[in-house]
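Just below is one structure, and these are the notes that go with it.
Residue numbers begin at 1 in each chain, while the letters A, B, ... track the order of the sequences. Since the structure is predicted, the reported quantities are computational estimates derived from the model, not experimental observations.
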Amino acid sequence: MSRGYEPQSIETSWQERWEAAGAFCAAPDDDERPKKYVLDMFPYPSGDGLHLGHVENYTISDVLARYARQRGFNVLHPMGWDAFGLPAEQYAIDNQVHPRDAVSRNVEVFKAQMKTMGWSYDWSREINTTDPDYYQWTQWIFLRLYEKGLAYAAEVPVNWCEALGTVLANEEVIDGKSERGGHPVVRKPMRQWLLKITEYAEQLLAGLEDLDWPEHLKQMQREWIGRSEGADVEFRVGDDETFTVFTTRPDTLYGATFCVLAPEHPLVASITTPAQADAIAAYVEKTAGRSERERMADIKTKSGVFTGAYATNPVNGAHVPIWIADYVLLTYGTGAIMAVPGQDQRDWDFAKAFDLPIIRTVKPPEDFDGEAYTGSGPAMNSDFLDGMFVDEAKAAMIAHLEAEGQGRARVTYRLRDWLFSRQRYWGEPFPIIHREDGATVPLGNDSLPVRLPDVKSYKPTGTGESPLAAVESWVQTTDPSDGSKAQRETNTMPQWAGSCWYYLRFLDPLNKTAFCDPATEKQWLPVDVYVGGVEHAVLHLLYARFWHKVLFDLELVSSAEPFQRLVNQGMILCPSYREAENAPYLRIEDVEIRDGTPIVKATGAPAYSVVEKMSKSKKNVVNPDTIIAEYGADTLRLYILFMGPPDADKLWDRSGIQGVHRFLHKAWRLICGAERHAAVERSDAPAEGDARHALHSAIAGITADMDALAYNTAISKLMVMLGAMGALDPLPREMADAFLRMLAPFAPHAAESMWETLGGEGFVSLAPWPTYDEDALQTATEDYAVQVNGKVRGHLTVDATSADADILAAAQALPNVAENLAGKRLVKEMVVRGRLVVLVAK
RNA sequence: GCCGAAGUGGCGGAACUGGCAGACGCGCUAGGCUCAGAACCUAGUGGGCUUAACGGCCCUUGUGGGUUCGAGUCCCACCUUCGGCACCA
């Protein structure tokens, strides 16, 4: 007799047996089974170790991978490390260690934790983006982008903190002050590398159509790309200056009563009149201290300053005042707008605030009592457009502008080119040198990798340059083509770079001559299922698609899209604590809960608490180790899936964990026995009657749930099945057998042990998924609810072979139904087979 | 502000195409087992009214309207919460 279910005593040994057998390594490319590439968004290995968000993400993909193996697929399920980036560098500064050492230590911790979860990774393919053998190919792909003219340098505004002498990430800026130290931060232009993702805007938009992604996620990408059709219109200022505005409503040009430039617009300085110069300068300076987000979010305050200059409306020669205002952004459109208060509410509000004229150019409906009218209608006050409706008027105006050389049709995108450089140490160096003659030159493939040099300090240089700029021996180099003096580019790439193509390297991680062998690439791409958080909806997922499309155009990959199907797991949310709103986050250990209220231990005052995404920066991460130690990995795997559907956000609360733990105990007791309970007798006879129905409907239901990724309900059906098994003595072996095959993806360790007890062959993890007989799903009787005028008035059980007419007659004969029908005329009657009888009476 | 998502018992959640709201689990209550407790087992468990009982009636899916024989599900308006907003990744 067994001692009962003791996860700690079985889990490690199964992990070792799987590994020794190579159970989860993908089979060679010539395997006959269909392939399935199940990919996770690989983690940034932070110093805090795995958190529950990872546990959810990787358990979902593990269940997908294990289920696919049991359904006969050759599965590729790899894991690696996205290890460049700001946090590692910050950690290195704070703790006086090299980021490389910090990363390798963190990777060891992560890997050990991942193994204790029993996730079925093919560890022979492990990669690390900070490994020179990896990042030489990141650099190699950058060179291809550069050759295609998709990489360029330009002056771009960044968050500059004078006191810290460094550029800050948006996350490090809070309310215009640096997160560390609270120093002022301003937007300041600096020379940066950019990638022309805008050149691929149309393809990125079109490519979404055939992807098996959640519709709302595709919609987010569409909105992010933000295609809009309209026209560029030229406005003249005086005799020799002009500026271009982009408008989606060229039909309203006669109603343009003023123009607004972004405060950063290059023309501002030259057109401002002396009388307005001080006011303009003050406004420009004030704007430099505001983030774009603030500027967009703030619609209540109408702020702006008149430049003193006037522009000429090209269509009617009207002189309209030119203002600057921070609601116009330099990064969208042309950084200049024509304001049409009659048809745009924001322009209307601005005109009212500053007493500027308003001319309606679209006639609103009779009953319209709003302000700006944005709907369609006949044009008015618009000369040759009068009477035309919006679409016709737009086309007519564009034709007119093009004929007169005053404008042209144009499509713009909200999407901006990708700011691709960072003034940091811990990133991929650019394979770029700057010659003394001023030329910027890409290095050849044979110069790769350009390795990161060791430096003494990762601290900011104070000049805004990367710490690499201080490594004289590395910066000074020669141009390999002629031996002349040159300096290395000292910016590094953003963390996104390494994660833009890692799914390709997993296919062929040791290849020395190519990022991936073409035949192998053809065999495995695209990724069949990609699992990760919805927070990556626009940035990572768009950047990776962009790189992939460039590689596709270069015929370096064979599929147009990298990720065919996408699964978003929801966020695991957890309370975070601060002394007050906008104060730095407190560690969970520094807060205690008294009578349901969080109290800051140090001060005794109530803490400011919000439920939000678990993240290192919010200090609200929960580490899974203590749960594994207490309940075992199988229980944690089951629980995290049982908490709700994969794509729903979940508030972490461990109080329900007992339920799934008991479920495993019960299964174990039934099959293996426990302390005072012997295992139930088993019979080799097939399941009959109710047992047969329970078995086959469980298989049917669970299989459907597996295909729909409804893991929470799949687990509840396993619980129901176990309940049915518990009532059987003897227990048909085929029922226990099917139960374990279906339990295996969720609780693989326990399932393996029970499978062994049952005498199953090999690993249950690789045993085929059970099948069901359609005829076993039928029942002898059917239950009906009887509705009269939409309310249930009775219940009925009939033979499953009954005809509709007989069911209707039986329903009407029910006393309470008859009572409700009395004195009324039956106007409608129908049977919803197996569910409901509908009667409508008047 | 813009884009996307979500609101169902004390709690997590279930409910395929509009068709018996609350599967499964937690918690709670009662009983069993036990010297006692833990664990375990059995039963019950949205609210109100009514019935000796079986049962019957009404209310209930964030709020307010609407469509329908019938709405958690569809439509309109609103409220709240969460995610993203380009240098966290």
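Defined by atom type and a distance below 3.5 Å, a donor-acceptor pair is missing between the side-chain atoms of A/Gln423 and A/Ser466.
Taking every side-chain heavy atom of A/His216 into account, B/rA5 is the closest of B/rA5, B/rC57, B/rC41. Taking the side chain of A/Val534 as heavy atoms from C-beta on, and the options B/rC87, B/rG83, B/rC88, the nearest nucleotide is B/rG83. Among the nucleotides B/rC58, B/rC69, B/rC88, the one closest to any side-chain atom of A/Glu171 is B/rC88. Here the side chain of A/Glu535 is nearest to one of B/rC57, B/rG83, B/rC87, namely B/rG83. The side chain of A/Asn816 lies closest to B/rC57 when the candidates are B/rC57, B/rC40, B/rA23. Of the listed nucleotides (B/rC11, B/rC20, B/rA86), B/rC11 has the atom at the smallest distance from the side chain of A/Asp653. Closest approach to the A/Arg424 side chain among B/rC87, B/rG27, B/rC82 is made by B/rC87 (side chain taken as heavy atoms from C-beta onward). For A/Lys791, whose side chain is taken as the heavy atoms from C-beta onward, the closest listed nucleotide among B/rC88, B/rG83, B/rC58 is B/rC58. Each of B/rC41, B/rG19, B/rC85 was ranked by its minimum atom distance to the side chain of A/Leu539; first place goes to B/rC85. For A/Arg293, taking side-chain heavy atoms from C-beta onward, the closest of the listed nucleotides B/rG1, B/rC20, B/rC57 is B/rG1.
Here A/Arg222 pairs with A/Glu215 in a salt bridge; the nearest charged N to carboxylate O distance falls below 4.0 Å. Look at A/Glu264 and A/Lys188 and you find no salt bridge, because none of the NZ, NE, NH1 or NH2 atoms lies under 4.0 Å from a carboxylate O. A salt bridge links A/Arg833 to A/Glu782: at least one charged side-chain nitrogen sits closer than 4.0 Å to a carboxylate oxygen.
Here the side chain of A/Glu829 pairs no donor or acceptor atom with the backbone of A/Val838 at under 3.5 angstrom.
Counting any heavy atom pair closer than 4.0 Å across all strands shown, A/Val167 reaches a base atom. Within 4.0 Å of A/His795, counting heavy atoms only, lies at least one base atom of the nucleic acid. Using a 4.0 Å heavy-atom distance criterion, A/Gln221 is classed as making no nucleic acid contact. Residue contacts for A/Asp82: at a heavy-atom cut-off of 4.0 Å it reaches the sugar-phosphate backbone alone, with no base atom in range. A/Leu718 comes within contact range of no nucleotide atom at all, as no heavy-atom separation falls under 4.0 Å. If you check every strand for non-hydrogen atoms under 4.0 Å, A/Pro494 touches nothing.
Between A/Asn712 and the phosphate of B/rA14, there is a side-chain N or O to OP1/OP2 separation shorter than 4.0 Å. In terms of phosphate contacts, A/Arg416 brings no side-chain nitrogen or oxygen within less than 4.0 Å of OP1 or OP2 of B/rA86. Side-chain nitrogen and oxygen atoms of A/Arg414 include none within less than 4.0 Å of the OP1 or OP2 phosphate oxygen of B/rC85. Not one side-chain nitrogen or oxygen of A/Arg346 sits closer than 4.0 Å to the OP1 or OP2 atom of B/rG1.
For the C1' atom pair drawn from B/rG19 and B/rA86, the interatomic distance equals 47 Å after rounding to whole Å. B/rG25 and B/rC40: their P atoms are spaced 13 Å apart (whole Å). The P atoms of B/rA15 and B/rG70 are separated by 25 Å, rounded to the nearest whole Å. Going from the P atom of B/rG7 to that of B/rG12 covers 12 Å, rounded to whole Å. Taking the P atom of each, B/rU8 and B/rG72 are spaced 14 Å apart, rounded to whole Å. For the C1' atom pair drawn from B/rU81 and B/rC88, the interatomic distance equals 23 Å after rounding to whole Å. Spacing of P atoms, B/rA5 relative to B/rC41, comes out at 43 Å, to the nearest Å. Separation of the C1' atoms belonging to B/rG66 and B/rU29 is 43 Å when rounded to the nearest angstrom.
Scanning atom types as modelled, one donor and one acceptor separated by under 3.5 angstrom connect the side chain of A/Gln787 and the base of B/rG19. In terms of polar N and O atoms assigned as donor or acceptor, the side chain of A/Glu172 never comes within less than 3.5 Å of the base of B/rC87 in a complementary pairing. Contact annotation: side chain of A/His665 to base of B/rC40, donor-acceptor pair absent below 3.5 Å.
The OH atom of A/Tyr413 sits 19 Å away from the C1' atom of B/rC3 (whole-angstrom rounding). Atom CG in A/Asp705 sits roughly 12 Å away from atom C1' in B/rA15 (whole-Å rounding). When rounded to the nearest whole Å, the span between CH2 of A/Trp224 and P of B/rC2 equals 16 Å. What separates CG of A/Leu641 from C1' of B/rA14 is a distance of 16 Å, to the nearest Å. Remark: P of B/rG4 and CG of A/Asn568 are 15 Å apart, rounded to the nearest angstrom. Here the P atom of nucleotide B/rC3 and the CG atom of A/Leu217 are 16 Å apart, to the nearest Å. Rounding to whole angstrom units, CZ of residue A/Arg222 and P of B/rG84 are separated by 21 Å. Remark: P of B/rC41 and CG of A/Leu670 are 12 Å apart, rounded to the nearest angstrom.
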Original post:
Which dot-bracket string fits RNA chain B when only Watson-Crick or G-U wobble pairs with both atom distances under 3.5 Å count, crossing pairs get [ ], and | stands for a partner on a different strand?
Top reply: (((((((..(((......[....)))((((((.......))))))(((((....)))))..(((((..]....))))))))))))....
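For an aromatic pair to be called close, the ring centres must be under 6.0 Å apart, and A/Phe563 with A/Tyr503 satisfies this. For A/Tyr327 and A/Phe350, the gap between ring centers is short of 6.0 Å.
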**OP:** Start with the C-alpha gap between A/Arg422 and A/Glu89, add the side-chain angles, then the distance that decides, and say whether salt bridge (charged side-chain N to carboxylate O under 4.0 Å, His left out) holds.
**Re:** CA-CA 12 Å; A/Arg422 302 289 184 267; A/Glu89 183 158 342; over 6 Å; no
**OP:** Dump the intermediate steps for salt bridge (charged side-chain N to carboxylate O under 4.0 Å, His left out) on A/Lys650 and A/Glu56, then the final yes or no.
**Re:** CA-CA 10 Å; A/Lys650 298 163 199 78; A/Glu56 188 189 22; 2.5 Å; yes
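Exactly one of A/Phe663, A/Tyr5, A/Phe739 qualifies for a ring pair (Phe, Tyr, Trp, His ring centres under 6.0 Å) with A/Trp668. That residue is A/Tyr5.
More than 90° away from 0 lies the glycosidic angle of B/rG44, which makes this nucleotide anti.
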